[in-house]
Amino acid sequence: MGATEVGRIVMLADLDYFYAQVEERRDRSLIGRPVVVCVYSGRTEESGVVATANYSARGYGVRSGIPIALAKKRLLGTEARFLPMDHEFYKQVSERVMAILKRNVDGFEQVGIDEAYLDVSNRVANFHEAEKLARKIKDEVWGSESLTLSIGVGPNKVIAKIAADINKPNGLTVVDDEDSKAFLSPLPVESLVGVGRKTAERMGQLGIRTVGELAAFDETALINEFGRALGAYFHRAANGEDEEAVQERGENESISRMVTLKEDTNDPKKVLEAAYTLCEDVVSKARERGLLFRRVGIIAVTTDLTIRMREKSLTAPTDDMQTVKRAVKEILEKHLGGNRQELRRVGVHISGFVRRMKGQSQLTTFI
DNA sequence: CCTCCACTCTC
DNA sequence: CCGTTTAGTGGAGG
């Protein structure tokens, strides 16, 4: 970048309908028909939800998060295929694609399995060159993986993300500095990262429906309504301002596992049996990474699908299975005891990581 | 300041 | 009709 330039050029690359597209790639017979990748809960033959659907299926109203049974109803009479998630495989494909992205940029920040922010400020002189680079990246990914992606190019992460969303699949949208405000202004507030259904509703109460209206709203009032960090972020983002750096993310700061129980219950024995399996999972994950942890918690989803979390801090960092199981038992019994509601799902969560030093035992010595 | 936990969001 | 995983903010209360 020239010394006079102050602006950045940031991209957001987003693999299109990722899981379903990967399935289309490995089985060409899927192409041209609705494809629905499912998370089966194991409770009954088809209980579970849709993880991702291809655009053919989306045409029938099939979206992420809807029950599989509902998706089947909507796709009745079509040649639709329903496939179980194959997370390991998607992860391998993702890693190969991310490697391609990485070698084309200076700054890289992966967000989830199918998205990454790319900082190309030092690699291209202007937005026109950035567009050419984006095209090259798309060609490379297509050439070696036969996958399409959508890329948004902008002066910062907020704009790049929205630009990528605006035109998919297989899109490429460039929004340069001068166009930012005009680009953002008419969009619904939900276009901004961090504004979901609930927040959009609250903004609606304030008479804010578009990003332009949000940009014009008093910042102090936003801070009052949404808190210091969020309020200030909404104000800046709506005005097209965002200084967030493109930065590689560190290690995860928590590990959790969750399962759907065979049947709704509040029998501690049944819930604990499931929870103990989850303990084994999370503890071995932590050990693989050489981590001790200070907090253990449970997640309980009741019959009416409300979610509760309970956690406690341990007196010392550990990765000892018995300690974890005891903690989980204690928290769970306390919760089930004071709660008549039956559970549908249960989860175990650990956090407060401390890297295990060489020679450090999991039984920390008290001084 | 720390702990707990609700809430929101994302893939 | 109903999953999974992780991050982050912020309020309440110690």
Side-chain angles (χ1 to χ4, degrees), chain A residues 12 14-22 36-53 61-74 76 84-85 87 90-91 94 109-116 161 165 189-203 223-234 244 249-261 264 278 281-282 285 294-315 331 334-335 344-353:
Chain A
L12 186 276
D14 182 0
L15 285 151
D16 298 318
Y17 60 103
F18 184 52
Y19 299 165
Q21 195 188 182
V22 170
V36 185
V37 178
C38 304
V39 187
Y40 290 100
S41 71
R43 177 170 282 208
T44 68
E45 191 74 19
E46 36 180 63
S47 67
V49 298
V50 172
T52 312
V62 174
R63 303 267 181 279
S64 298
I66 72 168
I68 295 165
L70 179 55
K72 291 211 161 156
K73 193 180 289 180
R74 293 192 174 159
L76 219 75
M85 286 245 292
H87 196 266
Y90 308 147
K91 186 141 185 231
S94 165
E109 176 180 353
Q110 188 170 344
V111 186
I113 195 167
D114 66 345
E115 267 185 49
K161 168 74 177 166
D165 279 343
V189 288
E190 291 96 318
S191 309
L192 290 176
V193 183
V195 182
R197 193 172 55 81
K198 299 278 189 177
T199 305
E201 241 166 62
R202 285 169 70 191
M203 288 180 177
I223 290 173
N224 281 337
E225 178 66 20
F226 300 103
R228 170 175 266 274
L230 273 178
Y233 159 73
F234 289 147
E244 284 301 297
R249 305 218 165 173
E251 297 281 272
N252 296 339
E253 283 171 22
S254 68
I255 297 172
S256 63
R257 285 290 173 276
M258 184 116 114
V259 286
T260 300
L261 300 166
D264 293 1
L278 301 174
D281 287 353
V282 297
K285 270 260 180 189
R294 289 175 45 241
R295 277 196 298 283
V296 175
I298 63 128
I299 305 151
V301 180
T302 50
T303 305
D304 61 359
L305 299 180
T306 53
I307 301 169
R308 285 208 169 63
M309 272 163 279
R310 295 283 186 277
E311 64 178 356
K312 63 173 278 180
S313 295
L314 306 171
T315 51
I331 300 167
K334 192 158 103 191
H335 180 65
R344 179 183 180 88
R345 303 166 60 208
V346 66
V348 171
H349 181 259
I350 58 177
S351 59
F353 293 136

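What you see is a predicted model; the values in this text were computed from it and never measured. Within every chain, numbering begins at 1; the chains are lettered A, B, ... in the order of the sequence lines, protein sequences first and strands thereafter. Atoms considered below: every heavy atom in the structure, side chains included; atoms not considered: hydrogens, waters and symmetry mates.
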Heavy-atom nearest nucleotide on DNA chain C for A/Arg344 versus A/Ser254: which residue maps closer to 5'?
A/Arg344
First encountered from the 5' end of DNA chain C, between A/Arg43 and A/Arg228
A/Arg43
Between A/Glu46 and A/Ala69 (side chain of the first, backbone of the second, donor and acceptor by atom type, cut-off under 3.5 Å), is there such a pair?
no
Out of [options], which nucleotide sits closest to the side chain of [X]?
X: A/Arg345; options: C/dT4, C/dC1, C/dA7; result: C/dT4
X: A/Glu115; options: C/dC1, B/dC11, B/dA6; result: B/dC11
X: A/Arg257; options: B/dT3, C/dT5, C/dG8; result: C/dT5
X: A/Val39; options: B/dC11, C/dG3, C/dT6; result: C/dG3

Return the value, rounded to whole Å, for the distance between atom [atom1] of [X] and atom [atom2] of [N].
X: A/Asp304; N: C/dC1; atom1: CG; atom2: C1'; answer: 16 Å
X: A/Met309; N: C/dG8; atom1: CE; atom2: C1'; answer: 12 Å
X: A/Arg310; N: B/dT3; atom1: CZ; atom2: P; answer: 18 Å
X: A/Leu230; N: B/dT8; atom1: CG; atom2: C1'; answer: 9 Å
X: A/Arg308; N: B/dC5; atom1: CZ; atom2: P; answer: 11 Å
X: A/Ile299; N: B/dA6; atom1: CD1; atom2: P; answer: 12 Å
X: A/Ile298; N: B/dC4; atom1: CD1; atom2: P; answer: 13 Å
X: A/Arg295; N: C/dT6; atom1: CZ; atom2: P; answer: 15 Å

What does the 5'-to-3' dot-bracket notation of DNA chain C look like when only Watson-Crick and G-U wobble pairs under 3.5 Å count, and pairs to other strands show as |?
..|...||||||||
Verify the contact: side-chain N or O of A/Thr260 to OP1 or OP2 of C/dC2, cut-off strictly under 4.0 Å; return yes or no.
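Indeed not, no polar side-chain atom of A/Thr260 lies that close.
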